[in-house]
Amino acid sequence: MAETQPASGAAFWETVLELTKSAQEKNIDPLAWAIQLGATLNSAGLTLPSVELSHLLVSHICWNNNNQTTWKFLEKALVLKFVPPMLVLALLSTRVIPSRSLHPAAYRLYMELLKRYGSSFAFQLHASNHEKILKAVDDALHLSDLFGIQPFDPAVLSVLFVFSNVWQLVDASLDDEALLEYSTDKSSRWLTEIQTMDIDDSGHFPENRTEFQEGMFKTNTLMAIEMIVEYLQSRVTSQILFLVRQNMPSHWRDFYQHLQLLASKSLALRSSKITTPEIFAQMASDTRKHLHWQCKTNLQHQFHAVMAPGCFLPSSVQCHGASNSSLWLPIDLFLEDAMEGIIVTPTCVIDTLTGMVKSLQALYSTTWHDTFLGLWIAILRLVQREKNPCEGPVARLDTCLCMLLSITPLVLVNLVDEQNMESEFSQMEDKQASKSRLHELISSLQQLGEYEGLLTPPSSVASIANQAAIKAIMYLSGLNITSGYLDSFSVSDVPINCAGNMRHLIVEACIARNLLDISAYAWPGYVNARVNQIPRLSGQVTGWSSLMKGSPLTSALMNALVSSPASSLAEVEKIYEIAVGGSDEEKISAASVLCGSSLIRGWNVQEHTVLFLLRLLSPPMPAGYSESESHLISYGPFLNVLLVGIATVDIVQIFSLHGLVPHLAGELMPICEVFGSCSPKVSWTLTTGEEINSHAVFSNAFTLLLKLWSFDHTPIEQAMGDVRSVASQLSPEYLLLVRNSQLASFGNASTDQSKGRRFSKLITLPSTEPIFMDSFPKLKCWYRQHQACIASPLSGLTPGTPVHQIVEALLTMLFKKMNRGTTSGSTSSSGSSMEEAVLRLQLPAWDILEALPFVLDAALTACAHDKLSPRDLATGLKDLADFLPASLASILSYFTAEVTRGVWKPVSMNGTDWPSPAANLSMVEQQIRKVLATTGIDVPSLATVGSSIPTLPLPLAALLSLTITYKIDKANERYLNLVGRGVVVLAACCPWPCMPIVAALWAQKAKRWSDFLIHSASRTVFNLNNDAVVQLLRSCFSSVLGFNASPRCRNGGVGALLGNGFGSRYSNGMSPVAPGIFYLRVCPFIRNITFVTEEILSLLMVSVKGIAVGGLSNDAIEKLKKSKFGMRYRQVSLTSAMSRVKLAASVGASFVWISGGLNLLQTLLKETLPSWFISTQRTDHISESGGVVATLSGYALAYFAVLCGLFAWGIDVESSASKWRSKVLASHLEFMATALEGKISLGCDMATWRAYVSGFLGLLVRCIPAWLHDIDVHILKSLSRGLRQWNEEELAVALVGVSGINAMGVAAELIIQSA
């Protein structure tokens, strides 16, 4: 359809048209016509190139004057720049391509012009009337309508113009060979119908085409395909097409499908002499490579080197230097840190580890096979470090096994599901995805069998591993084996060649999540025995098999099920159904089973078991229930079994690893509110004869709830000042905030839908309605009082009030021998008898807890004034804890706050008034020094008690005396875990040697815990001495890099850094603690985390210098300088040096992340690193190394910074932390840009700065381009200018090229300018 001519100046354009017709009729030379036309245009004062002239000339040709003369006129106007080539080609394409079968000569001429002018953009981008030209091109091709982009930027229009040209040629070629019907849409957005349909403008019917026209038509098709090849091969146009692929994926997907169709079915392509269908398809897939740049130096090449696939060697998995297994050291450190304490974050460990694996895989550009193998090796190293730990009240082996056999398989499910949800287009294009992640997972598990040293199972799970191996043997023999039969095997029953290992357990865990099927049993070497080597046992059906066959849940069967983990979801569902719908006795039995081995070691179904337990903690209200009291009261015995069952350290940690701590807190709060408001007269008699009351249920729920946040940390954190960001957030409100947020967002992401399908059908998701502290007024009131006690001394007790009366009753009952004058703010009510006091205390637990701080204040004051003996104080506190175990929370809270305030005089631990640590205190102090020395820590100022009598602050002495009155048994475990950790944290805050005194007294009581106590006491040194922290960090870097001279650390790597775990024992006594393990245990107690970050940065630079000179000391370097051959024989290979630099950077980034979390990582990028570059003074590096040290330092910092960003934000575009990413990254890149412009004076070596900038930006471009999409285009342009000044032209283009659609115009302009 002809374009409408502009209304204004119609007479002038009629003159131009007549001039052209006259020249055409007289057959005037095109140059002469152009001279006349130019004079006419100049006399009219028109701006060239002219949009109107383009319309006129194209309309004149199509189709009444379609001859050689008019086409020559048009070509001469293009040469003299009378008309803009982009507009002319756009106008021609809309007329010529749809009519190409009728006008093959015109199509040929159009392609010749396209070949000559289709990439000539430069002068058009800056024409004075470019805006008018842009609009005209858009109007002609309807680009803004088709692509949804307003092409106001000339460079953006150039991208769309090139893309539309190629797409038109592709669709025209497909249509020429009748291939469009094979496309998904079966049509083309470019090929419009010819207006006259049956007859052309010259009266020629299509079927009357001459033989010459038919031949030209076929030749044109081949020419169009060869032009497409030129577009794909040309440096400029291929880079422009990459911009489309990167920033317009949906349009590229449609275009690419047409390209693939052309490659697979075109006969014309097969006849081409310049390409083949295979090469054509490869070129279409390889457009992404055209924005990658070539490394200009060997160091650059090594920095961006991609790890070769299949590079793991079994001999290197444990500890050998910067081996490829050390690449996954951040995962080792994360796993170790996850073992220490409860984790409450917006994302659970599963999601965090999933993101971490994806980030490291992208950063290292490894295959998924090697990535999965690295993950398995890291988690198996964790388990091996915990095979022989020293005893202590901490979660270890069962938690490690949960991480290996439950958490890690769920991580793999996330990764596999994520790929399955990717589009078919992405899988088809990505060569690395040609083998699915699932296939790579299978191959990694097959190779895992080579790592026999890591696969030896801990003795406590050897029988379960044996069952897994025997199951495979029996299956391969064609026998059907029930879990009950397998339960009958013991370790001694199984021959050596039938024994199982950790890989058998891993495979079973993967089969349970549908990652593998039972064909894995037939893998070479998976099992080596034959069925006749397995001992014959009776076929009696026991345990879970008996339950599944319908046996009633008797006491004997319950005991069997408690000790044997469920092996399938069906078994857990069966016991859950009994817990929901059975008789009261059956419900209690079923609850006991769910809290037994199925929870701790039922790894194949653990994610279902924890969810079942959560649902059981909130039983539904019975139909027709109309009582005024809560329906939860009738479930008292049932809830008590659940609360006691999940209160152990390992089980709480398992809930934490599954990310369910916020949800567990949400279930516990209603129980606390209800049972804390009941009189203890509400009681139940269990089938065992034991009697429990509401106080017992409340205490179990309340102490469990307190473990879920940093209840014992708050006063200490106030004293320390600078603390870890996550710890400072932990509170009941924060737990509910995370819970509400997770439930509100669940289902929004595609991964959530996948998770929902994996849940048992019996699990109903909780209501997404938010819960707030206001829903629990009693709990909220107690928590406010708890915070008030921390903030200031007690006040406000008014005589005669109910609280005052409870205080008096408690003092009478608990401290009978106290010579009371006046209690804190109250008068004594003499004449009260013990019986009356007990009767008056038949009160709800919340009322008693409200009065306890005043009671404790009175008791402590009486003891300080010798009105109450220390022994009676400890006895009274123990009686109080026995009366209401939940009172331990108030005792811990109040005493900790009082120690922090520092108002109480110390008391002598002399063995008369207070327990004495003298029997083993000197030994404890000596062992502490030994532990520190073996880790490379020297603290000369570490004082010893010597012959003087040790002292402790009165509240700490009272709290310690209370804890050592407890027996160390399972009944007291849940209470000792709460108050015991509080004592440790409190002693760690106090001056030296409070912690050794605590350790010495506890070691007297629990001798088997002595090693654990000594290691724990050693940590407190770092609270008091920053130099000790620096020494520890230095030891970490030296060990992992192999700079340490000790035999254990000489080879460096993971083994040197993490050793055998925390407090693992040698056969002849206590082992030294590896420095990395020590730091992970110490960092929660370090007061100045910002100081630690600066030290890590400094040590990273020192380490780089050491790497560059091969780890030599300064003295050795000086000797080598003076030797005959100088440093020649000590030069380090760049490959080895860069590997160790990356290892050092990964250690530093991991420590910063673990020490301070998201906030510290972001502060590092926003403040610490910019300050370092500005303030650091240039140093004289070793002359033999030239600028290598400076350059390596820059690359180390780049790797360090990118890793910190990956740990903070992950690689996904949308994540919980992504909202912070754009702000922080923009701030850091703006600093870079400003420095590149010379507006900031830098103090660092310029080689360091250049390596940092190019390394940091290069990693973003290669590995995580999505981070750049939200960065302001002006910052990117400034960075790009700076890179071009450094002759980094390709990196400059790549930077803006991958930065999203907003930067597409900038990238296109750079590509065009560089042409």
Side-chain angles (χ1 to χ4, degrees), residues 317-318 335-336 339 376-377 379-406 408 448-449 451-473 483 486-509 527-529 533-535 537 543 560 562-567 596-604 606 648-651 653-654 970 973 1007-1009 1011-1012 1055 1058-1071 1077:
V317 299
Q318 288 289 358
L335 295 173
E336 274 291 347
M339 296 299 102
W376 289 124
I377 289 173
I379 186 64
L380 284 168
R381 285 192 289 230
L382 173 71
V383 174
Q384 293 302 315
R385 285 193 293 269
E386 293 303 323
K387 283 179 66 175
N388 299 299
C390 61
E391 291 189 58
V394 289
R396 295 311 305 180
L397 181 58
D398 284 327
T399 311
C400 292
L401 292 171
C402 165
M403 185 71 84
L404 171 65
L405 300 172
S406 184
T408 304
L448 190 62
Y451 298 83
E452 295 180 1
L454 291 174
L455 296 175
T456 304
S459 57
S460 59
V461 296
S463 60
I464 305 177
N466 290 342
Q467 292 171 17
I470 292 170
K471 181 180 178 182
I473 296 171
S483 60
L486 295 173
D487 290 343
S488 304
F489 286 99
S490 66
V491 177
S492 59
D493 292 328
V494 181
I496 293 177
N497 61 340
C498 296
N501 59 31
M502 297 307 295
R503 186 167 72 136
H504 295 108
L505 295 177
I506 291 171
V507 166
E508 290 298 321
V527 290
N528 300 311
Q533 295 177 279
I534 300 174
L537 299 175
V562 166
S563 59
S564 175
S567 60
S597 292
S598 295
L599 173 57
I600 300 173
R601 294 190 172 173
W603 306 294
N604 298 346
Q606 196 172 66
T648 65
V649 177
D650 271 301
I651 292 178
Q653 193 72 354
I654 287 169
K970 190 172 183 179
E973 178 186 358
K1007 290 183 173 58
R1008 66 179 188 274
W1009 287 5
D1011 289 354
F1012 168 79
L1058 299 178
N1060 298 309
F1062 186 69
S1064 296
R1065 299 182 64 88
Y1066 287 148
S1067 58
N1068 60 346
M1070 188 169 60
S1071 73
I1077 294 288

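Model, not experiment: these values are computed from the prediction.
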Item checked: Nearest-0.5 Å distance that lies between atom CG in Leu505 and atom CD in Gln467 -> 9.5 Å

Check: So, for Ala472 and Val527, which heavy atoms are closest and what is the spacing to 0.1 Å?
Finding: CB-CG1, 3.8 Å

Notebook entry, point to check: Are Thr648 and Asp398 close enough, and set up right, to give a side chain to side chain contact (heavy atoms under 4.5 Å, CB included), and what steps lead you there?
Noted result: CA-CA 11 Å; Thr648 65; Asp398 284 327; over 6 Å; no

Margin query: Any side-chain to backbone donor/acceptor pair from Asp650 onto Thr399? Under 3.5 Å, distance only.
Written below: yes

Next item on the list: Please name the pair of heavy atoms, one in Pro458 and one in Val383, separated by the smallest distance, quoted to 0.1 Å.
Entry: CG-CG1, 4.0 Å

Next item on the list: Check each of Leu382, Ile1077, Leu335 against Leu1058 using the side-chain contact (heavy atoms from CB on, under 4.5 Å) test, and report the only one that passes.
Entry: Ile1077

Next item on the list: May I have the step-by-step check of side chain to side chain contact (heavy atoms under 4.5 Å, CB included) for Leu448 and Leu455, ending in yes or no?
Entry: CA-CA 9 Å; Leu448 190 62; Leu455 296 175; 4.3 Å; yes

Item checked: Closest approach of Leu397 to Ser460 (non-hydrogen atoms, all atoms of both residues) -> CD2-OG, 3.3 Å

Next item on the list: Drop me the distance from Gln384's CD to Arg381's CZ, to the nearest 0.5 angstrom.
Entry: 11.5 Å

Next item on the list: Identify the residue among Gln606, Met502, Glu386 that makes a side-chain contact (heavy atoms from CB on, under 4.5 Å) with Leu401.
Entry: Met502

Margin query: What's the separation between atom CG in Leu599 and atom CD1 in Ile651, rounded to the nearest 0.5 Å?
Written below: 4.5 Å

Notebook entry, point to check: Is the side chain of Ser598 donor-acceptor paired with the backbone N or O of Ala566 at a distance under 3.5 Å, no angle test?
Noted result: yes

Margin query: Between Tyr451 and Leu380, is the side chain to side chain contact (heavy atoms under 4.5 Å, CB included) condition met? List the steps.
Written below: CA-CA 10 Å; Tyr451 298 83; Leu380 284 168; 6.0 Å; no

Checklist line | Considering all heavy atoms, the nearest Ala465-His504 contact | finding: O-CB, 4.3 Å

Checklist line | For Gly500 against Ala469, the heavy-atom pair lying closest together | finding: CA-CB, 3.6 Å

Next item on the list: Any chance you could measure Ile506, atom CD1, to Thr408, atom OG1, to the nearest 0.5 Å?
Entry: 8.0 Å

